[in-house]
Amino acid sequence: MIEVYEATDIGCVRQTNEDSELVFEPAVYVAADGMGGYAAGEVASRLLVDTVRGCLAGHDVIGTADLRDAVLAGNRSILNCVARHPEYQGMGTTATILHLESGEARWAHVGDSRLYLLRDNELRQITRDHSYVEGLVERGTITREEARSHPKKNMLLRAVGIGSDLDVDTGSFPLADGDVFLLATDGLTNMVDDSSITALLRIPESDPAKALVAEARRCGGRDNITALVVKWHS
Ligand code: CA
């Protein structure tokens with residue numbers, strides 16, 4: 001059995017919500033954080049999730065290669081849109097996709113939105129951020145805490161819709177009873193620390209997506225906030 005909770009919110013500061021999220025059958029979950037001026041970020045993240053749905057909705061078997069191909073199709077959709085609408089030049093989006101099937105979790109990822117797994121009360125970040133600050137953290141130049149408020153926090157090294165060559169990270173692993181997945185944009189993860197995320201995901205019989213968004217707003221809500229929570233029971 002799968003329980004799904006979704007919430008996306010403009011936050012407390014921004015004028016538009018450039019995040020998009022989508023849930024569709026068979027058990028596919030997508031989060032995207034758009035960027036670009038003049039509302040182009042909204043266009044980019046929406047194009048990504050709609051293209052992914054067009055590629056995967058209703059398919060019987062979806063492997064990691066299919067998830068990657070769907071992100072690459074989204075990349076082409078955005079580039080084609082920019083070619084027709086020069087005012088959208090520079091728009092792009094992150095893409096984080098999760099699919100649950102046959103006792104397995106499969107994912108694909110570009111950018112700095114994140115997929116987490118809460119298992120055995122331990123929150124693990126499954127995806128790796130494709131950001132400038134992540135490189136600094138991995139080299140030990142700054143701490144993970146400093147990265148959350150670094151002036152170059154928003155500089156991405158990879159995004160969907162920026163160029164025709166795109167590397168998409170993918171992975172898969174066996175599911176365990178009680179696994180809880182979180183797909184989140186950085187408007188959540190920059191505002192709410194891992195211990196608070198863990199605590200909110202563990203509260204039974206509540207809507208964890210709404211609770212996470214409310215906590216991000218309480219902490220300042222400086223960016224758009226998206227949380228998609230998927231609980232899996234065998
Ligand atoms: Ca964001």
Side-chain angles (χ1 to χ4, degrees), residues 2-8 18-35 41-79 91-118 124-131 134 156-162 166-175 179-189 209 212 224-232:
I2 298 175
E3 281 173 70
V4 184
Y5 303 89
E6 350 169 24
T8 186
E18 299 188 321
D19 288 356
S20 293
E21 54 90 22
L22 196 63
V23 173
F24 58 87
E25 292 298 323
V28 181
Y29 313 94
V30 190
D33 177 350
M35 65 207 78
E42 272 176 274
V43 173
S45 66
R46 180 48 55 186
L47 264 174
L48 182 279
V49 299
D50 286 346
T51 304
V52 168
R53 176 169 53 189
C55 290
L56 301 176
H59 283 220
D60 290 338
V61 179
I62 300 171
T64 51
D66 301 308
L67 298 179
R68 171 190 283 118
D69 288 346
V71 174
L72 293 175
N75 194 50
R76 289 191 297 275
S77 297
I78 294 168
L79 290 170
M91 75 174 174
T93 183
T94 69
T96 301
I97 311 179
L98 171 68
H99 173 51
L100 304 184
E101 181 186 300
S102 305
E104 196 169 76
R106 299 169 193 153
W107 57 268
H109 167 73
V110 173
D112 68 347
S113 301
R114 291 178 178 173
L115 171 66
Y116 291 87
L117 167 64
L118 179 65
R124 311 159 200 212
Q125 185 179 334
I126 304 294
T127 50
R128 178 177 170 273
D129 294 355
H130 301 134
S131 64
E134 184 65 22
L156 291 187
L157 302 182
R158 271 195 241 174
V160 183
I162 302 303
L166 178 64
D167 275 340
V168 181
D169 290 353
T170 59
S172 64
F173 54 89
L175 289 164
D179 277 351
V180 179
F181 294 90
L182 167 66
L183 288 84
T185 58
D186 67 339
L188 177 71
T189 53
L212 287 163
N224 307 142
I225 308 151
T226 295
L228 218 167
V229 177
V230 183
K231 297 185 174 185
W232 190 79

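Heavy-atom basis, side chains included; hydrogens, waters and symmetry copies ignored.
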Notebook entry, point to check: With side chains defined as the heavy atoms from C-beta onward, is the minimum distance between L212 and L182 less than 4.5 Å?
Noted result: yes

Check: Considering residues at least two apart in sequence or located in another chain, which fulfil the side-chain contact (heavy atoms from CB on, under 4.5 Å) criterion with L79?
Finding: N75, S164

Checklist line | Approximate separation, where rounding is to 0.5 Å, of D69 CG and I62 CD1 | finding: 12.0 Å

Next item on the list: Not counting sequence neighbours, which residues clear side-chain contact (heavy atoms from CB on, under 4.5 Å) with E3? List them please.
Entry: M1, Y5, K231, H233

Item checked: Atom pair CG (L188) and CG (D33), whose distance is rounded to the nearest 0.5 Å -> 11.5 Å

Next item on the list: Please name the pair of heavy atoms, one in A184 and one in T189, separated by the smallest distance, quoted to 0.1 Å.
Entry: CB-CG2, 4.1 Å

Margin query: My understanding is that only residues two or more places apart in sequence, or in another chain, count here; which of them pass ring pair (Phe, Tyr, Trp, His ring centres under 6.0 Å) with H99?
Written below: none

Next item on the list: Report the distance from atom OG1 of T64 to atom CD1 of I97, rounding to the nearest 0.5 Å.
Entry: 11.5 Å

Item checked: Residue list, side chain to side chain donor-acceptor pair (under 3.5 Å) with D66, at least two apart or on another chain -> none

Note to self: I need the I126 CD1 to S172 OG distance, nearest 0.5 Å.
What the structure shows: 11.0 Å

Notebook entry, point to check: Among all residues two or more places apart in sequence or in another chain, which pass the side chain to side chain donor-acceptor pair (under 3.5 Å) test with R124?
Noted result: none

Check: Just wondering, do H109 and R128 contact through their side chains at under 4.5 Å, heavy atoms?
Finding: no

Notebook entry, point to check: So, for V168 and R68, which heavy atoms are closest and what is the spacing to 0.1 Å?
Noted result: O-NH2, 3.6 Å

Note to self: I'd like to check the side-chain contact (heavy atoms from CB on, under 4.5 Å) partners of A7; sequence neighbours left out, ordered by chain and number.
What the structure shows: A209, V213

Notebook entry, point to check: Between D169 and H130, does any side-chain donor sit less than 3.5 Å from a side-chain acceptor?
Noted result: yes

Margin query: Do V71 and V160 have side chains that approach each other closer than 4.5 Å (heavy atoms only, starting at C-beta)?
Written below: yes

Item checked: Rounded distance [0.5 Å steps], OG1 in T96 versus OH in Y116 -> 10.5 Å

Next item on the list: Kindly give the heavy-atom pair with the smallest separation between L67 and A108, and that separation in Å.
Entry: CB-CB, 3.7 Å

Notebook entry, point to check: How long is the span from the CG atom in L157 to the CD atom in E134, to the nearest 0.5 Å?
Noted result: 9.5 Å

Margin query: Could you work out, with side chain to side chain donor-acceptor pair (under 3.5 Å) as the rule, every residue matching T226, not counting sequence neighbours?
Written below: T8, D19

Next item on the list: Check the pair N224, T185 against side chain to side chain contact (heavy atoms under 4.5 Å, CB included), reporting the backbone distance first and the verdict last.
Entry: CA-CA 8 Å; N224 307 142; T185 58; 5.7 Å; no

Return a table of donor-acceptor pairs under 3.5 angstrom between the side chains of residues 42-56 and protein atoms on other chains or two or more places apart.
unit_1	atom_1	unit_2	atom_2	d
S45	OG	E18	O	2.8
S45	OG	S20	OG	2.8
S45	OG	G41	O	3.4
S45	OG	E42	O	3.4
D50	OD1	R53	NH2	3.3
T51	OG1	L47	O	2.6
T51	OG1	S77	OG	3.0

Check: Who pairs with I2 by side-chain contact (heavy atoms from CB on, under 4.5 Å), at least two apart in sequence or on another chain?
Finding: V4, A27, Y29, L100, V230, W232

Item checked: Minimal non-hydrogen separation, T93 against A32, with atom names -> OG1-CB, 3.5 Å

Notebook entry, point to check: Taking only residues at least two apart or on different chains, which pairs with a member in residues 99-108 satisfy salt bridge (charged side-chain N to carboxylate O under 4.0 Å, His left out)?
Noted result: E101-R106, E104-R106

Item checked: For the student: nearest non-hydrogen atoms of G187 and I225, plus distance -> O-CG1, 3.8 Å

Margin query: Taking salt bridge (charged side-chain N to carboxylate O under 4.0 Å, His left out) as the definition, give me every residue that meets it alongside D186, ordered by chain and number, with sequence neighbours left out.
Written below: none

Checklist line | Partners passing side chain to side chain donor-acceptor pair (under 3.5 Å) against D112 (at least two apart in sequence or in another chain) | finding: none

